[in-house]
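These numbers come from the heavy atoms of this one structure, side chains and all, not from hydrogens, waters or symmetry mates. Chain A is the first sequence line, chain B the second, and so forth, proteins listed ahead of strands; every chain is numbered from 1.
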2 protein chains.
Amino acid sequence: MSNITLKELAKKLELSVSTVSKALNDSFEISEETKVRVRAMAEKYHYRPNILAKSLKMGRSNTIGVIIPYLSNPFQSQVLEGAHQAAYENNFKLVFMQSRENSKMEQDALKTFRQQNIDGIIITPAAESHIKTLKQYNQEFPIVLVDRIDFELDTFKIGVNSEKGAYDATQHLIDMGRKEILLLCGKNIGINKDRIAGYKKALLANYIPLDPSNIIQVEYGQTREELIKNLRILLERRIKELDHSIGLLGTTDTLTVASLGILSQLNLQVPSEVAVIGFANTEMAESLNPSLSTIVQPAFEIGYLGVSKLIETIVSKNRFEMAFNTTMLESRIIERKSTKA
Amino acid sequence: MSNITLKELAKKLELSVSTVSKALNDSFEISEETKVRVRAMAEKYHYRPNILAKSLKMGRSNTIGVIIPYLSNPFQSQVLEGAHQAAYENNFKLVFMQSRENSKMEQDALKTFRQQNIDGIIITPAAESHIKTLKQYNQEFPIVLVDRIDFELDTFKIGVNSEKGAYDATQHLIDMGRKEILLLCGKNIGINKDRIAGYKKALLANYIPLDPSNIIQVEYGQTREELIKNLRILLERRIKELDHSIGLLGTTDTLTVASLGILSQLNLQVPSEVAVIGFANTEMAESLNPSLSTIVQPAFEIGYLGVSKLIETIVSKNRFEMAFNTTMLESRIIERKSTKA
DNA sequence: TTGTATGCGTTATCAG
DNA sequence: CTGATAACGCATACAA
C-alpha cells in the first residue's frame with residue numbers, strides 16, 4: 001500500500017491542500033490550532049512527503065555525488081564514509097562513482113551525475129584527470145575538490161599537508177638513528193611531489209646530503225605480483241650498497257606493506273636493520289609483523305569537510321560570489337614497532 | 001544556465017509537448033520524419049530529461065538502497081562495488097547506508113530509505129538484525145538479502161557456501177600434513193556456524209577426532225589492541241599444549257592477519273611450525289609475510305547478482321507472485337606461502 | 001500522425 | 001488565517 005498524500009490528508013481534515021502543506025511546514029500563516037490538528041493527523045496516517053515531488057518543485061534534489069578513484073582503497077573509502085556522514089546529517093543523499101584513475105571513466109561519471117539532478121559533487125580527481133572538463137562542469141553545479149587539490153579550479157578544496165607528513169616521517173626515522181633514508185614512491189603520481197619535497201626538506205634540516213639513488217620509484221599499473229617482484233629487485237640492490245643504518249619511507253600503503261614482506265624475504269630485520277614507516281590508512285598496520293609505523297591521513301574528516309563545504313555552497317544563494325578557500329588538514333604519525341628498536 | 005525542457009524544445013520545433021515526448025521515447029505513433037527532426041533538435045540543445053519529473057510521473061525513482069554493516073570492511077566494500085556495477089548497467093542509482101552491526105542503525109537506515117522513494121534495497125543484515133522489521137519493510141518495497149542469508153524472508157537471497165569454504169581450507173591444511181587444526185572465530189557471529197560445520201566435516205572425513213579446545217573463540221566488540229592481546233593469550237596457551245604439526249584456520253581477515261603477527265611474536269615459524277589460512281578478501285594477503293593463503297569469497301558477484309535480482313523484482317509487474325530463490329556462490333582457495341612449506 | 005488535457009505530489013502566489 | 005490555482009517537467013489516455 002502506497003503512502004498517503006497531502007491531498008488525501010486534506011480531505012480527511014476537511015482542509016485545503018495548501019493549508020495542510022503550510023501547516024506541516026510550520027508556516028506563520030497558519031493558526032497553532034490547525035497546525036496541531038494537521039500534525040496529529042499526519043502522524044496518525046504516517047504521512048511522509050514525496051521527496052521526488054518536493055525536489056521537482058523546489059528545483060533541488062538534496063543529492064550530492066562523490067567521485068573517487070577506487071572504493072577498495074582504504075583511504076578513499078574512509079573519505080566516502082566521512083562524506084556520507086556529513087550528507088546524512090544535512091539530510092542529503094549521496095551517490096558515488098568510481099573513476100579507477102581513468103580520465104574517461106571520470107568524465108563518464110560526471111556525465112552520469114549531470115543527468116541525475118545532482119546538486120553538486122565532491123571529487124578526488126583521477127591521476128590523469130582533465131582539468132578543463134572539471135572547469136566546465138563547475139559552471140553547471142558546484143564541485144568541491146578533495147585530497148588531490150593541485151588543480152586550478154574556483155572552488156573549495158580540502159587537502160592534506162603531505163609535505164609535512166613526509167617531513168615528520170623522515171625526521172622520525174632520523175631520530176631513530178637512521179642515516180640513510182630510502183624513499184619509496186610511485187612514478188608520476190601528483191601527490192608524491194609534496195611527499196618527496198617533505199622528505200628532502202627533512203634531510204636538509206638534518207644536514208644529511210641528498211642521495212638521488214635513495215629515491216626509489218616504481219611503475220604504476222603493474223599487477224601486485226609484478227610490483228612486488230620489481231620492488232624487491234630495486235630494494236635489494238640499493239640496500240646492499242648501504243651500511244645497515246637504514247630507514248625506509250613508503251608513500252603508499254601498498255608499497256609499504258609490500259616492502260615489509262620483501263625485507264623479511266631478504267632476511268633483513270625490521271626495525272633493527274631497516275626501520276620502516278609508511279603512509280597508510282588501514283587498521284591492519286596494527287596487526288602486521290612487526291606492527292607498522294604509519295602516517296595516517298584524516299580521510300574521514302576530508303570527506304566530511306568536503307561535503308559540508310559543498311552543501312554550504314549549494315544552499316547559498318549566489319555561489320558565484322562565494323569566497324572559496326583551501327583547507328589543509330594535518331596527518332598524524334603513529335609510531336609502532338617497525339621503527340622502534 | 002539551466003537545462004532545456006520538453007516544453008521549450010516543443011516551441012522551437014513548433015510541435016506539441018506530447019509529440020516531442022513521444023518522439024524522444026521512440027513511440028510508434030510518431031512518424032520517422034518527425035522523430036529525426038526532434039532528435040536532432042534535442043541533440044543540438046543538449047536536451048536531458050529531468051529525472052525527478054520522470055520519476056514522479058512514473059512512480060519509480062530507479063534508485064536502490066544498499067545497507068551494509070561497514071564500508072571499511074574489504075569484503076563488504078567489494079559487495080558494494082558489485083552492487084554499484086549492476087545498478088549502473090541498468091541505469092539505476094545506488095545509495096548506501098551503514099548499520100555498523102547495530103540493529104538500531106539498521107532500522108534507521110531502513111526508515112531513511114523509505115522516505116526517499118527508493119525502489120528496493122539489498123541488505124547484509126547486521127549481526128543483531130531484527131528480522132521482523134525486515135519482513136515488515138519487505139511489504140513496502142522489495143528487499144534482497146546478500147551474504148548473511150539465514151533469515152526467513154520471502155525474497156531472493158545471495159550467499160556463499162561458507163561450509164564448503166571452511167571444509168576446503170581445513171582439508172588443505174590436512175593435505176599439508178597438519179594433524180591439529182585450530183579454528184579461530186568470533187563468538188555469536190551467525191555466518192560462523194557454517195564455517196564451523198565445514199571445519200568439523202573435514203575433520204570427520206579425515207578420521208581426525210574433534211578436540212573442542214581447538215576451536216578458539218574470541219569476543220567481538222573489543223578494540224583491535226585488546227583483541228590482539230587476548231588472541232595472543234589463547235593462541236599461545238593452546239599451541240604450547242600441542243606438538244608442532246599445527247594448522248590454523250581463521251574465519252575472518254582481522255583474526256587471521258592478527259594471528260600471523262602473533263605467531264611471529266611467539267617465535268613460531270609459519271608455515272613450518274604453524275600453517276595458516278584464513279577467510280579474507282583483501283589483496284594485502286599477497287604482500288604479507290609470509291604471503292597469506294586465503295579463502296576468497298566472490299564479494300563482487302554477490303553484490304552484482306543481488307542488485308540484478310532486485311532490479312528484476314522491481315521491474316516485474318507482480319512481485320508478490322515471483323518465484324524467489326536462493327543462490328549459493330562458491331568461494332575459492334588461494335594457496336600461498338603461509339601453508340606451503 | 002499529431003495535439004489536448006490531465007495528473008504525479010508538492011510549494012508558492014495571491015485572493016478572499 | 002484559509003483556500004483556489006498555477007507551476008515544476010514529464011508521460012499518457014484520449015480526442016482530433
Side-chain angles (χ1 to χ4, degrees), chain A residues 1-39 41-42 45-63 91 93 114-119 315 317, chain B residues 1-39 41-42 45-63 91 114-119 140 315 317:
Chain A
M1 182 152 112
S2 180
N3 210 359
I4 192 172
T5 69
L6 269 192
K7 204 200 290 189
E8 293 163 323
L9 256 191
K11 199 180 324 181
K12 288 191 197 298
L13 286 157
E14 295 187 306
L15 284 173
S16 76
V17 176
S18 56
T19 303
V20 177
S21 169
K22 286 172 187 165
L24 289 174
N25 287 319
D26 203 23
S27 161
F28 66 94
E29 304 177 72
I30 305 297
S31 74
E32 200 52 45
E33 196 192 334
T34 349
K35 281 184 188 173
V36 172
R37 263 187 71 219
V38 171
R39 280 197 279 256
M41 192 66 86
Y45 288 95
H46 305 106
Y47 169 74
R48 284 180 320 252
N50 182 315
I51 300 276
L52 290 172
K54 192 171 192 160
S55 297
L56 176 59
K57 182 65 187 167
M58 307 300 264
R60 179 139 66 78
S61 65
N62 271 37
T63 305
N91 266 305
K93 272 178 286 189
R114 177 166 59 186
Q115 299 196 310
Q116 303 198 337
N117 299 84
I118 286 275
D119 294 332
V315 301
K317 291 300 157 204
Chain B
M1 183 152 108
S2 184
N3 211 0
I4 191 170
T5 69
L6 268 193
K7 204 201 291 188
E8 293 163 324
L9 257 191
K11 199 179 330 178
K12 288 190 198 297
L13 286 157
E14 295 185 306
L15 285 171
S16 78
V17 176
S18 63
T19 304
V20 178
S21 170
K22 287 172 186 165
L24 289 174
N25 287 319
D26 203 22
S27 160
F28 65 94
E29 303 178 65
I30 305 297
S31 73
E32 201 49 47
E33 196 192 334
T34 5
K35 280 184 189 172
V36 172
R37 262 186 73 217
V38 171
R39 280 198 277 259
M41 193 66 87
Y45 288 95
H46 305 105
Y47 170 74
R48 283 180 320 254
N50 182 317
I51 301 277
L52 291 172
K54 193 170 194 161
S55 298
L56 177 59
K57 179 69 190 165
M58 307 300 264
R60 180 138 68 77
S61 64
N62 271 39
T63 305
N91 265 306
R114 176 166 60 186
Q115 299 196 313
Q116 303 198 336
N117 300 84
I118 286 276
D119 294 332
E140 299 192 37
V315 301
K317 292 298 157 206

*Asks:* So which heavy atom on Ala53(A) is nearest to which on Asn50(A), and how close?
*Replies:* N-OD1, 3.0 Å

*Asks:* State, to the nearest 10°, the angle formed by the axis through the first five base pairs of the helix from dT1(C)-dA16(D) to dG16(C)-dC1(D) and the axis through its last five.
*Replies:* 50°

*Asks:* Near DNA chain D, counting only heavy atoms under 4.0 Å, which residues of residues 6-14 of chain B show up?
*Replies:* Leu6(B), Lys7(B)

*Asks:* Compare all side-chain heavy atoms of Leu9(A) with those of Ile4(A) and state whether any distance is below 4.5 angstrom.
*Replies:* yes

*Asks:* Go through the structure and list residues passing side-chain contact (heavy atoms from CB on, under 4.5 Å) with Leu6(A), not counting sequence neighbours.
*Replies:* Val17(A), Val20(A), Ser21(A), Leu24(A), Tyr47(A)

*Asks:* Output the rounded distance in Å from CG (Asn25(A)) to C1' (dT10(C)).
*Replies:* 9 Å

*Asks:* List the residues meeting side chain to side chain donor-acceptor pair (under 3.5 Å) with Glu8(A), not counting sequence neighbours, and say none if there are none.
*Replies:* Thr5(A)

*Asks:* Under 4.0 Å, heavy atom to any atom of DNA chain D: which of residues 15-22 of chain A qualify?
*Replies:* Leu15(A), Ser16(A), Ser18(A), Thr19(A), Lys22(A)

*Asks:* With sequence neighbours excluded, tell me which residues meet salt bridge (charged side-chain N to carboxylate O under 4.0 Å, His left out) with Glu33(B).
*Replies:* none

*Asks:* My understanding is that only residues two or more places apart in sequence, or in another chain, count here; which of them pass side-chain contact (heavy atoms from CB on, under 4.5 Å) with Asn91(B)?
*Replies:* none

*Asks:* Tell me every residue that passes salt bridge (charged side-chain N to carboxylate O under 4.0 Å, His left out) with Glu29(B), counting only those two or more places apart in sequence or in another chain.
*Replies:* Lys22(B)

*Asks:* Output every pair passing salt bridge (Lys or Arg N to Asp or Glu O under 4.0 Å) with a member in residues 45-56 of chain A, not counting sequence neighbours, ordered by first then second residue.
*Replies:* none

*Asks:* Any side-chain to backbone donor/acceptor pair from Lys12(A) onto Ala42(A)? Under 3.5 Å, distance only.
*Replies:* no

*Asks:* Under the side-chain contact (heavy atoms from CB on, under 4.5 Å) rule, collect the residues that match up with Asp119(B), sequence neighbours excluded.
*Replies:* Arg60(B), Ser61(B), Asn62(B), Phe92(B), Ile314(B)

*Asks:* Which value, rounded to the nearest 0.5 Å, describes the distance between Gln115(B) atom CD and Ile51(A) atom CD1?
*Replies:* 6.5 Å

*Asks:* Can you name the one residue among Leu13(B), Leu15(B), Val36(B) that meets side-chain contact (heavy atoms from CB on, under 4.5 Å) with Met41(B)?
*Replies:* Leu13(B)

*Asks:* Applying side-chain contact (heavy atoms from CB on, under 4.5 Å), can you list everything that pairs with Lys57(A), at least two apart in sequence or on another chain?
*Replies:* none

*Asks:* Quick check on DNA chain D: between Thr5(B) and Glu29(A), whose nearest nucleotide comes earlier from the 5' end?
*Replies:* Glu29(A)

*Asks:* May I ask you to list the residues of residues 50-63 of chain A, by number, that have any heavy atom positioned under 4.0 Å from an atom of DNA chain D?
*Replies:* Leu56(A), Lys57(A)

